[in-house]
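Each remark here refers to the structure printed beneath this line.
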Amino acid sequence: MGFGSCALAALLAEDLEGSTGSYDPANPLAPREPPQSAKAKRVVHIFMNGGPSQVDTFDPKPALARFAGKPLPIHLRTERRTGAAFPSPFQFQRHGRSGIEVSEIFPEVGKHADDLCVIRSMHTEVPNHGPSLMMMNTGTTQLSRPSFGSWLTYGLGSENRNLPGFVVLCPGGYPVWGAKNWRSAFLPGAYQGTHIDTSKETAEQLVENVRSRFASRATQRRQLDLLARLNRAHAERREEDSLLEARAQSFELAYRMQAEATDVFDVASEPVATREMYGDTVHGRQMLMARRLLERGVRFVQVWHGAGQPWDSHAEVEANHRRLAGECDRPIAALLTDLKRLGMLDDTLVLWGGEFGRTPVVELTSFGSNHGKNGRDHNSYGFSMWLAGGGVKGGYVHGATDEFGFRAERDPVHAHDLHATLLHLLGFDHERFTFRYAGRDFRLTDVHGRVVTDLIA
């Protein structure tokens, strides 16, 4: 088709560039520089899915003890019927030079208090898991939009062509709403998250159906080349089907992972002292895998606590939170220690939290297997998250909920504000970092969000 096809290819490439100006459709995961100065290069998002209670983890509220067993003198809008004030069964202790108060269930994380930037005034719209997961991951509660990890990989590419730019570690299956939490939506399929079930222990189990039991690697390569040609012929007749592109990308990525995955997921190759620091548990292994992925150039790693919504403590919050924190406290602390040892914490953003928090009063509804006595209902009006590394202000507490821990009152931070701030630290203006789709320039923060400069060192 001569020069006409060259011109058309250039125009189409420009249309896909968004604000980064360096998108290459021939190599969508090529590493790229952000448009402005960046403090962070990569992200690890430690997701406590189900909603940890802020008043039992990082937001102590002594006033609850004064009202124990009594109605609170404030109006609480809750999803289910709730009752009297429910003081935290856990003690809080001050840690580090900063004196940040952390619950007794996170003693190892507490030792890193001077690296933590604790936000006690997070809030979002809907006190329900699905919409709040979508908001925290994609910036919207309803529509299926690209996830934060997909946006970041679109903007920065990956520093390792043989691994995905965006990896999702979740043991035992999927969280609520499954792959919608990490899908690329209308972004090119190369930017979707790749889920790994970390309850499996060997590399062959973690990345299934990659190594053939019947063919050599050279034979596999010829088979995949044939498959790629068939896929291209098939796709040419279905140019509007983005899911088809994503499927083809996943096949090719699976082959490229063959050489790398065996190494990156083989935590047994780590020194004994390192493995002992993380612990020989599901969470110890997956935090160590997260560090190995980041070390090898993966741009965004999301580490979920487990399938479903494990932190959803509608009953027996004391037993559930103590057990869940006990599973991840040591591995999270080990990750922070390890990143610092390797000189990676300065340019790695670590984000910890759930999709929302929980009420400071007891839940009265008792239905379903996880509802009963001494539990807390969902609370999207005020909850806690923390950041570390990547240019954030360590040893700092931002904002506050009311005296009972229900609603964000001082310096509130919406999920849109959090996304805007994280993008800023990664070198992007959230208002200009866009992708044109269906006649509109979409962005992670939609039409909202502000950079919270107080969080930045």
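In what follows, residues are counted from 1 in the order of the sequence shown. Heavy-atom basis, side chains included; hydrogens, waters and symmetry copies ignored.
Rounded to the nearest 0.5 angstrom, Arg120 CZ and Gln54 CD are separated by 11.0 Å. Separating the OG atom in Ser88 from the CG atom in Asp56 is a distance of 3.5 Å, to the nearest 0.5 Å. The distance from atom OG of Ser121 to atom NE2 of His414, rounded to the nearest 0.5 Å, is 12.0 Å. How far CG of Asp338 is from CZ of Arg341: 4.5 Å, rounded to the nearest 0.5 Å. Between the CZ atom of Phe148 and the CG atom of Leu426 there is a distance of 5.5 Å, given to the nearest 0.5 Å. Atoms CG and CG, on Leu423 and Asp429 in that order, are 9.0 Å from each other to the nearest 0.5 Å.
Here Glu101 pairs with Arg94 in a salt bridge; the nearest charged N to carboxylate O distance falls below 4.0 Å. The pair Glu108-Lys111 meets the salt-bridge criterion, with a side-chain N (NZ, NE, NH1 or NH2) lying under 4.0 Å from an Asp/Glu carboxylate O. Residues Asp441 and Arg436 are paired through a salt bridge, judged by an N-O separation under 4.0 Å between the basic side chain and the carboxylate. Looking at Lys41 and Glu33, no side-chain N of the basic residue comes within less than 4.0 Å of a carboxylate O on the acidic one, giving no salt bridge. Contact check on Arg42 versus Asp347 returns a salt bridge, with a Lys/Arg side-chain nitrogen under 4.0 Å from an Asp/Glu carboxylate oxygen. Residues Asp312 and Arg358 are paired through a salt bridge, judged by an N-O separation under 4.0 Å between the basic side chain and the carboxylate. With respect to Glu270 and Arg291, a salt bridge is recorded, a charged nitrogen being found less than 4.0 Å from a carboxylate O. Salt-bridge formation is detected for the pair Arg440/Asp446: a Lys NZ or Arg NE/NH1/NH2 atom is positioned less than 4.0 Å from an Asp or Glu carboxylate oxygen. By the 4.0 Å N-to-carboxylate-O rule, Lys340 lies too far from Asp346 to be salt-bridged with it.
When the ring-ring contact (aromatic ring centres under 6.0 Å, His included) test is applied to His283, the partners found at least two apart in sequence or on another chain are His305. Take Phe47 and apply the ring-ring contact (aromatic ring centres under 6.0 Å, His included) test, not counting sequence neighbours, and it matches His45, Trp304. Not counting sequence neighbours, Phe90 has no partner by the ring-ring contact (aromatic ring centres under 6.0 Å, His included) test.
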Could you please spell out the steps behind the side-chain contact (heavy atoms from CB on, under 4.5 Å) verdict for Gln93 and Val102?
CA-CA 6 Å; Gln93 296 178 343; Val102 178; over 6 Å; no
CA sep, side-chain torsions, deciding dist, call: Lys393, Asp454, salt bridge (charged side-chain N to carboxylate O under 4.0 Å, His left out)
CA-CA 8 Å; Lys393 193 181 296 182; Asp454 286 345; 5.0 Å; no
Quick one, Glu403 with Leu64, criterion side-chain contact (heavy atoms from CB on, under 4.5 Å). Give me CA distance, side-chain angles, the key distance, then yes/no.
CA-CA 8 Å; Glu403 63 175 324; Leu64 288 176; over 6 Å; no
Is there a side-chain contact (heavy atoms from CB on, under 4.5 Å) between Arg80 and His314? Walk through the geometry before answering.
CA-CA 10 Å; Arg80 299 172 180 83; His314 290 279; 3.1 Å; yes
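In this structure, Leu156 and Arg32 have side chains that are not in contact, with every pair of non-hydrogen atoms separated by 4.5 Å or more. Contact of the Asp59 side chain with the Phe383 side chain is not registered, since no non-hydrogen atoms from C-beta on lie closer than 4.5 Å.
Residues Tyr381 and His123 place their aromatic rings such that the two centres sit no closer than 6.0 Å. Aromatic rings from Trp311 and His321 are positioned such that their centres are separated by under 6.0 Å. Taking the ring centroids of Phe106 and Phe58, they lie under the 6.0 Å cut-off. His129 has its ring centre less than 6.0 Å from the ring centre of His378.
Between the side chains of Asn379 and Glu79, no donor-acceptor pair of N or O atoms lies under 3.5 Å.
Remark: the backbone N or O of Asp377 is paired with a side-chain donor or acceptor of Thr359 at under 3.5 angstrom. Within the 3.5 Å criterion, the main-chain N or O of Gly326 finds no donor-acceptor partner in the side chain of Asp329. No donor-acceptor pair closer than 3.5 Å links the side chain of Asn128 to the backbone N or O of Pro131.
Among Phe166, Phe428, Tyr437, Tyr191, the one residue that satisfies the ring-ring contact (aromatic ring centres under 6.0 Å, His included) test with Tyr154 is Tyr191.
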